[in-house]
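What follows is a set of notes on a single structure, which appears directly below.
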Amino acid sequence: MQQGKISIQNLDLHFGKHHILKNVNIEIPENQLTVILGPSGCGKTTLMKTLNRLVELEETVKINGKIFLDNEDILNTDKDVTEIRKKMGLLSQRPAPLPMSIFNNIAYGLRINGISGRRKLAPLVEKYLRQVNLWDEVKDRLKDPATRLSIGQQQRLCLARGLAVNPEIILADEPTSALDPLSASIVEKQFAELKKDYTLVMVTHVLRQARRIADYVVFMYLGEVIEQGPVKEFFENPKMEKTREYLKGAFN
Amino acid sequence: MWRKIEEKVFYYLMIISTVSLGLLLVLIVATIVYRGLPYLSWEMISQTPKGGYYFGREGGILNAIIGSLYLSSGAVIIALVISLPVSLAMNIHLKRRKKLVNGLRFILDLLWGIPSIVYGAFGFTLMIYLGIKASLLAGIITVAFFILPIMIRSMDEVMKNVPLSLIESAFALGSTRSEVAFKVMVRQTFPGIITAVLLAFGRGIGDVAAVLFTTGYTDNIPTSLMQQTATLPLAVFFQLGSPIPEVQNRAYAAALILTIIILVVSISTRYFGKRFRKTLIK
Amino acid sequence: MALKLRKFKDQFSSLWIKISLFFVVLLPVVITLSLLYKSMFVLETNGLKELLFSSVWRPLAGQFGFWPFIISSLWVTILGLLITTPICMFSAIFLTQYSSSRLLRFMQPVIDILAGIPSVIYGVWGILIIVPMVGRYLAPLFGIESTGFSILAGGLVLSVMLIPFILNVLIEVFKTVPVELSEASLSLGATKWQTIKFVVVRKSFAGIISAFGLGLSRAFGETIAVLMVVGNVVGLPKSIFDPGYPLPALIANNYGEMLSIPMYDSALMFAALILLVVVMFFNFLSRLAIIRLEKKA
């Protein structure tokens with residue numbers, strides 16, 4: 001039975017002989033920020049990439065299990081994979097601006113999805129740049145290559161780019177780890193606002209960040225889900241021994 | 001819908017292109033084998049041409065085989081004498097002077113790009129200036145110029161990857177620079193050096209344009225450096241132009257032998273390249 | 001005593017290194033200067049403009065107009081590049097973006113062997129396969145009579161020779177495109193092909209241009225294979241089915257008479273100088289662009 005927006009059921013994933021995800025079951029609640037927590041190498045990033053099926057680009061990958069999004073199993077669907085990816089905006093660890101101008105970075109996704117013509121694109125580009133508080137900083141240099149922006153600005157641009165294709169879910173893989181503290185806090189603040197309209201899933205290994213912004217926490221270790229629950233419960237009253245050890249800093 | 005069709009069309013075009021690469025190789029080798037194999041007899045590889053390479057119907061191409069081996073081996077030895085110290089210096093003595101080394105690499109890459117016919121023309125000019133006649137020696141020198149950048153850059157590419165810590169620890173043990181160079185670097189990259197030498201040898205033995213001006217051509221096997229010499233590519237080039245079928249057949253046989261040599265060199269280059277990756281300390 | 005010997009060895013190898021380095025740095029300078037020196041004679045009597053743009057080729061009368069040869073060279077080079085471009089692009093994209101790494105490992109030796117085949121062998125293959133194909137099938141298709149020895153045959157043989165050369169550079173270029181970029185594009189709902197078209201190719205644009213720049217300079221200087229199939233008739237070619245006479249072929253075919261006709265050697269060295277300058281120019285730009293690209297990556 002599906003309870004959350006996304007329901008991951010009995011998910012197993014192998015890269016060749018390596019068992020990366022082991023019988024993963026997670027319910028991701030709608031319009032909340034879910035943090036996937038765990039030491040590096042525990043399969044967090046792989047899990048994210050499985051959600052939007054980018055993991056399929058790897059040659060030796062084998063996936064078993066089900067992932068339901070609004071009652072549809074996205075791993076076994078007739079739908080085009082691009083339809084599924086479009087529903088999930090991805091924000092990676094290091095910002096990856098496309099090799100084009102600031103304007104076109106936003107317009108790219110819009111064009112892919114059939115919106116064309118500058119007259120239609122320009123107001124949309126402005127709207128999404130405003131949404132991430134970037135408009136005032138870049139409105140005079142929309143034609144500059146996106147790589148000329150600071151890292152923090154690039155990350156917000158990437159967020160805006162993702163929002164522009166109207167996703168339902170935003171996946172973020174340690175989105176602030178490469179940023180300076182100020183940009184990081186801007187991005188965090190925006191995440192808190194985005195909860196109203198989107199379901200957010202964020203990977204991090206920073207405990208304090210998780211505590212600060214999460215609604216729901218999933219703790220993973222060596223490819224297994226050890227514990228999951230609402231943030232307060234998770235931090236104040238962890239049930240599993242491994243979780244307690246981790247919260248004490250035993251793995252770092 | 002439309003974008004799906006577009007993707008499919010290009011996908012198949014890409015597959016066709018990739019497959020055609022393999023087919024081209026097969027087609028080229030098959031053509032050479034098909035035309036050359038019927039004439040590849042013991043006589044062909046054990047005799048020199050009788051009655052002139054251009055008109056004589058009898059004899060083989062031993063002069064070209066031996067000439068080619070002499071020429072390329074000579075050129076490789078000369079090039080090695082210059083290449084080894086340069087690539088060693090770039091990766092030991094000058095290791096910390098990044099800008100200078102990158103400048104050298106740039107010059108070498110430019111040298112690599114100069115067409116062999118230009119090396120041939122230069123060799124010819126040099127030959128006249130020094131008063132040497134067309135000969136094995138002139139050819140060796142010209143080909144050495146031509147394969148020099150190939151050899152240095154190939155060695156440089158493997159030496160570049162030897163970790164600085166290894167060199168530094170050798171210095172820490174009190175080695176002189178030349179000891180580090182020959183006892184550590186050369187030993188460490190030995191299969192890579194062989195690969196570079198083979199690569200240069202392959203380039204040298206296959207080239208026409210550089211030797212066209214400088215080696216002359218003769219039916220005899222040279223007995224001194226100052227004599228003219230035949231080479232396999234020249235044997236192909238000259239004898240193919242002959243109106244006499246038997247002579248043309250010698251050209252096809254020469255082409256086949258040259259192709260076999262190149263294939264052997266290519267395959268051993270790969271073999272040493274692979275072994276190199278296994279033995280290198282990283 | 002032992003220490004002395006070690007020191008001596010070290011000094012000796014230092015000297016050896018210095019001489020070799022000096023030699024390598026000097027080589028391009030000496031090549032350029034010696035060709036320039038040799039061509040001074042014909043430059044002084046005929047003038048640069050006349051040499052480059054005149055079509056009158058009468059060596060015995062001391063008239064050397066290189067225009068027909070330059071045009072032939074351009075035709076063959078451009079044709080070779082045009083034919084090779086789609087094959088190289090498609091294969092490089094397929095091998096780096098679509099195929100398994102196993103196929104790439106399998107194709108690498110195929111590409112290397114193609115690169116190692118001597119140009120005289122390509123020439124023989126051209127005479128046996130390409131020339132008859134052009135003469136018997138392609139030319140009649142357009143209602144043209146041709147022996148097959150033509151600009152087109154030269155371009156075709158050249159295009160095959162350029163494939164391994166350009167393809168190797170392209171594969172390296174496409175490999176440097178970060179996966180994150182493709183992932184970003186895919187997660188916006190782009191198809192794989194759209195991602196390649198708009199992101200991968202775009203990101204590698206400078207590298208692609210450099211690869212073809214290197215290919216161009218390679219093509220411009222290629223001698224024997226082209227010479228064997230191109231026909232070598234002096235004159236301005238009117239179509240690609242006409243024979244041509246590129247610069248390298250001119251030099252290679254006439255070295256024999258070079259010393260028996262006055263100024264002829266100077267003229268041919270001038271042709272070599274043109275080759276050198278053109279090739280160095282495109283090489284220089286392409287290498288520079290590739291270095292910039294590597295710095296950014």
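The chains referred to below are lettered A, B, ... by the order of the sequence lines, with proteins before strands, and numbering in each begins at 1. What you see is a predicted model; the values in this text were computed from it and never measured.
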task: Could you tell me whether the side chain of B:Thr125 reaches within less than 4.5 Å of the side chain of C:Asp265, counting heavy atoms only?
output: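 No - every pair of side-chain heavy atoms lies 4.5 Å or more apart.
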Side chain proximity check, B:Phe237 to C:Leu227, heavy atoms < 4.5 angstrom: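 Yes; the side chains approach each other to less than 4.5 Å.
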- request: Check step by step if side-chain contact (heavy atoms from CB on, under 4.5 Å) holds for C:Trp193 and B:Val9.
  value: CA-CA 11 Å; C:Trp193 177 243; B:Val9 167; over 6 Å; no
Taking [options] one by one, which has the highest count of heavy-atom pairs under 4.5 Å against chain B?
options	value
C:Pro248, C:Pro118, C:Ser286	C:Pro118
C:Ile251, C:Ile93, C:Ile111	C:Ile251
C:Lys192, C:Gln11, C:Lys18	C:Lys192
C:Ile163, C:Leu128, C:Asp112	C:Leu128

query: What do the steps show when you test C:Ile113 against B:Val29 for side-chain contact (heavy atoms from CB on, under 4.5 Å), and what is the final call?
result: CA-CA 10 Å; C:Ile113 293 174; B:Val29 174; 5.8 Å; no
task: Look at the rings of B:Phe106 and C:Phe284 and say which category their plane angle falls in: under 30° parallel, 30 to 60° tilted, over 60° perpendicular.
output: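 Rings of B:Phe106 and C:Phe284: perpendicular, as their planes differ by over 60°.
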Of all heavy-atom pairs between [X] and [Y], which one has the smallest distance, and what is that distance?
X	Y	value
B:Ser20	C:Ile87	OG-CG2, 4.4 Å
C:Met107	B:Thr18	CE-O, 3.6 Å
B:Leu212	C:Tyr255	O-CE1, 3.4 Å
C:Ile224	B:Ala209	CG1-N, 4.0 Å
B:Ile262	C:Gly116	CG2-O, 3.4 Å

Part of residues 110-119 of chain B lying next to chain C, heavy-atom separation under 4.5 Å: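 Listed by number: B:Leu110, B:Leu111, B:Gly113, B:Ile114, B:Pro115, B:Ile117, B:Val118, B:Tyr119.
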query: What part of C:Ile19 gets closer than 4.5 Å to chain B, counting heavy atoms only: side chain, backbone, both or neither?
result: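 Neither part, no heavy atoms under 4.5 Å.
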- request: Counting only heavy atoms closer than 4.5 Å, note whether C:Val279 contacts chain B via side chain, backbone, both or neither.
  value: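 The answer is the side chain of C:Val279.
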[atom2] on [Y] to [atom1] on [X], rounded to 0.5 Å:
X	Y	atom1	atom2	value
B:Thr259	C:Ile121	OG1	CD1	3.5 Å
B:Ile16	C:Phe94	CD1	CZ	11.0 Å
B:His93	C:Ser14	NE2	OG	5.0 Å

For C:Gln108, all residues meeting side chain to side chain donor-acceptor pair (under 3.5 Å), sequence neighbours excluded: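 With sequence neighbours excluded, C:Gln108 shows a side chain to side chain donor-acceptor pair (under 3.5 Å) to C:Asn168, given in chain and number order.
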task: Give the intermediate values and the outcome of side-chain contact (heavy atoms from CB on, under 4.5 Å) for residues B:Phe122 and C:Leu276.
output: CA-CA 11 Å; B:Phe122 168 67; C:Leu276 182 70; over 6 Å; no
query: Of the listed residues (B:Val236, B:Leu263, B:Leu148, B:Leu258), which shares the most heavy-atom pairs with chain C below a 4.5 Å separation?
result: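 Highest number of heavy-atom pairs under 4.5 Å: B:Leu258.
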query: Between C:Lys7 and B:Thr176, does a side-chain contact (heavy atoms from CB on, under 4.5 Å) hold up when you go through it step by step?
result: CA-CA 8 Å; C:Lys7 273 222 165 121; B:Thr176 62; 5.9 Å; no
